[in-house]
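Report on one structure; see the data block that follows.
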Protein chains: 2
Amino acid sequence: MSQPGLRERKKQRTRLALIDAALELFAAQGYEATTVDQIAAAVDVSPRTFFRYFATKEDVALSLPVDGQEVMLRELAGRPAGEPPFTALSHAMRAVVTELQRGDLTETARFLKARELIENTPALFAGSVRRMMENEQRLIAEIARREGSSPDDLLPHFVVSLFTTVARVGFESCHPRSIEDLPAFGERLEQILSLAERSLRPGWDRGPVDGDADAPRVHGDADAPRPGD
Amino acid sequence: MSQPGLRERKKQRTRLALIDAALELFAAQGYEATTVDQIAAAVDVSPRTFFRYFATKEDVALSLPVDGQEVMLRELAGRPAGEPPFTALSHAMRAVVTELQRGDLTETARFLKARELIENTPALFAGSVRRMMENEQRLIAEIARREGSSPDDLLPHFVVSLFTTVARVGFESCHPRSIEDLPAFGERLEQILSLAERSLRPGWDRGPVDGDADAPRVHGDADAPRPGD
DNA sequence: TGTCATCTGTCAGCTCCTGACATAAATTAC
DNA sequence: GTAATTTATGTCAGGAGCTGACAGATGACA
């Protein structure tokens, strides 16, 4: 595992070069005003090649945060089994931030640059939300697995969506001030997480409390067997 | 105010014709497989004219739900001042559903058709969420106004985002089952609203409880002066 | 009826994105 | 080290979404 081969290294280099060129151009003249041809030209690559690295122009700006989501999912999978869902999600999110802090400086700078660009560009923000939502499905599946509940169950959906929302509000609340550094962002995350925890009833993410059997069923209601099956 | 004039009526007719033609084509052959030219041809109108009615191809599918958001905002503005934020939002949402039920049948059918299409088309669903989030800003402003808090305040953001999330999970939970009728949708909404209320601490949407002054400040912290300014 | 505002069609063109094919480069086999 | 094979890249053609500009048609209004 010494080296991943010259070919692979070259690919990684062009990929990063494309991202850097794109971020720079986007920042300088705006996202929509920048064409794919310009980005490709800046890296001295054909426009067709750009689309072999990124499916859409949007993707080049969102690729870094998307990588973050992968880390998030991995971290979540590594959380201890007994941990309540919301707690596990919170810890996974924190792990992503600390993971980023460990990376080298140009790497975190790139990430912050991308993040700010996304936050200030409606089209990119929309795309970011879309990715978040796609990722949400995977988080839901993981939480459902941990809790041993059906993927049709409302509760995992609710928990994950609520968590995602909290994280998003954390991001948004930094805007229009830019996120100057990771530690500041970490603090912000703790604040909003704490607000969420103070707003929610203890044990809410584990379903209805016992002895509440007469309450209208919501937990597991999505495809619950109806009387008569 | 007898009639809005022949010109205006004609415009409304073309607009609805475009929507109907689009929904039909989308349902028949899929959203991406349908071109704007086809839609325009179905209404016997030039493609250029299509774009004078709808800024994007997406818009023709989302226009109806967007109208619903306008109603939602109006209803929210009409809620009594003393009502807690989350309650006011819930009532406004309910009002939208009942408003829809009062409309004529072809109207609600159109809405349901659009809703189902959106739910089953990732690209449209993402667009729908994006509109929802754009609208969120206006809801936040309204809630902040009602509560007399700064628009930078975290709490209104949190409350509105959480509400939007709850509503969205309600929508999503209907899929892949289609929403056959409005009453069923109303019931679903009540279920998820009830789940949310049972998960949250009483008074959460009005800020931290008194006597908790030592807790880390979050409420109103968004642009708090830092030590050293 | 005639003037004016507005809506519509036509056309030309840009940008995003894709399939197909040929070329160049790296990897592997010999 | 050379040949064979895989894989990345460039070139080309083209479809689809979307826009500006101009000319003609059609309601509005006096």
Side-chain angles (χ1 to χ4, degrees), chain A residues 1-19 21-23 25-26 28-63 117 121-124 126-128 130-131, chain B residues 1-19 21-23 25-26 28-63 117 121-124 126-128 130-131:
Chain A
M1 57 141 67
S2 54
Q3 284 283 56
L6 190 144
R7 194 167 219 145
E8 196 60 30
R9 272 180 290 147
K10 207 170 183 178
K11 267 175 64 179
Q12 288 307 321
R13 232 184 310 136
T14 10
R15 182 186 145 87
L16 279 182
L18 283 170
I19 293 177
L23 289 180
L25 285 166
F26 290 163
Q29 41 179 321
Y31 171 71
E32 350 249 347
T34 306
T35 67
V36 172
D37 291 34
Q38 288 176 331
I39 302 171
V43 188
D44 206 50
V45 151
S46 87
R48 188 66 184 89
T49 295
F50 174 92
F51 286 108
R52 289 196 174 97
Y53 280 88
F54 304 99
T56 67
K57 176 180 155 187
E58 209 183 64
D59 277 30
V60 71
L62 298 180
S63 60
L117 181 75
T121 310
L124 286 178
S128 169
R130 182 178 160 199
R131 304 309 170 93
Chain B
M1 56 144 67
S2 54
Q3 285 283 58
L6 189 142
R7 194 167 219 144
E8 196 59 31
R9 272 180 289 147
K10 206 168 183 179
K11 268 174 64 180
Q12 287 308 321
R13 233 184 308 139
T14 347
R15 183 185 144 87
L16 280 181
L18 282 170
I19 294 177
L23 290 180
L25 284 166
F26 290 163
Q29 41 179 320
Y31 171 71
E32 352 249 344
T34 307
T35 68
V36 172
D37 291 32
Q38 290 176 332
I39 303 171
V43 188
D44 206 48
V45 151
S46 88
R48 189 66 185 86
T49 295
F50 174 92
F51 286 108
R52 288 202 246 264
Y53 280 89
F54 303 98
T56 66
K57 176 179 154 188
E58 210 184 65
D59 277 28
V60 71
L62 298 180
S63 60
L117 181 75
T121 311
L124 286 179
S128 167
R130 178 182 163 197
R131 305 307 172 94

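Just so it is clear, the values below take in all heavy atoms, side chains as well, and ignore hydrogens, waters and symmetry mates. In the text below, chain A, chain B and the rest are named by the order of the sequence lines, each starting its count at 1.
Rounded to an integer number of Å, the gap from CD of Q12(A) to P of dA8(D) is 12 Å. The distance between atom CD of E8(B) and atom P of dC29(D), rounded to the nearest whole Å, is 12 Å. The CD1 atom of I39(A) sits 11 Å away from the C1' atom of dC16(C) (whole-angstrom rounding). Taking atom CG on D37(B) and atom P on dT10(C), their separation rounds to 12 Å, with Å as the unit. We find that NZ of K11(B) is positioned 17 Å from P of dT26(D), with the value rounded to whole Å. When the C1' atom of dT8(C) is taken as reference, atom CZ of R15(B) falls 18 Å away, rounded to whole Å. Computed from coordinates, the R13(A) CZ to dT9(D) C1' distance equals 15 Å when rounded to whole Å.
Between dA25(C), dA5(C), dG17(D), one nucleotide has an atom nearer to the side chain of T35(B) than all others, and that is dG17(D).
The heavy-atom pair separating R130(B) from A126(A) by the smallest distance is CD-CB, 3.1 Å.
Contact check for F26(A) versus T121(A): no side-chain heavy atoms found under the 4.5 Å cut-off. Counting heavy atoms from C-beta outward, V45(B) and Y53(B) have side chains that stay 4.5 Å or more apart. Between R13(A) and E8(A) there is no side-chain heavy-atom pair separated by less than 4.5 Å.
Taking side-chain N and O atoms only, K10(B) has no distance below 4.0 Å to OP1 or OP2 of dT26(D).
For DNA chain C, the neighbouring residues in residues 46-59 of chain B, judged by any heavy atom under 4.0 Å, are S46(B), R48(B), T49(B), R52(B), Y53(B).
A salt bridge links E58(B) with R131(B): the distance from a Lys NZ or Arg NE/NH1/NH2 to an Asp or Glu carboxylate oxygen falls below 4.0 Å.
Using modelled atom types, one side-chain atom of T34(A) and one backbone atom of G30(A) make a donor-acceptor pair closer than 3.5 Å.
Contact of R7(A) with dT7(D) (side chain to base): a donor-acceptor pair of N or O atoms is detected under 3.5 Å.
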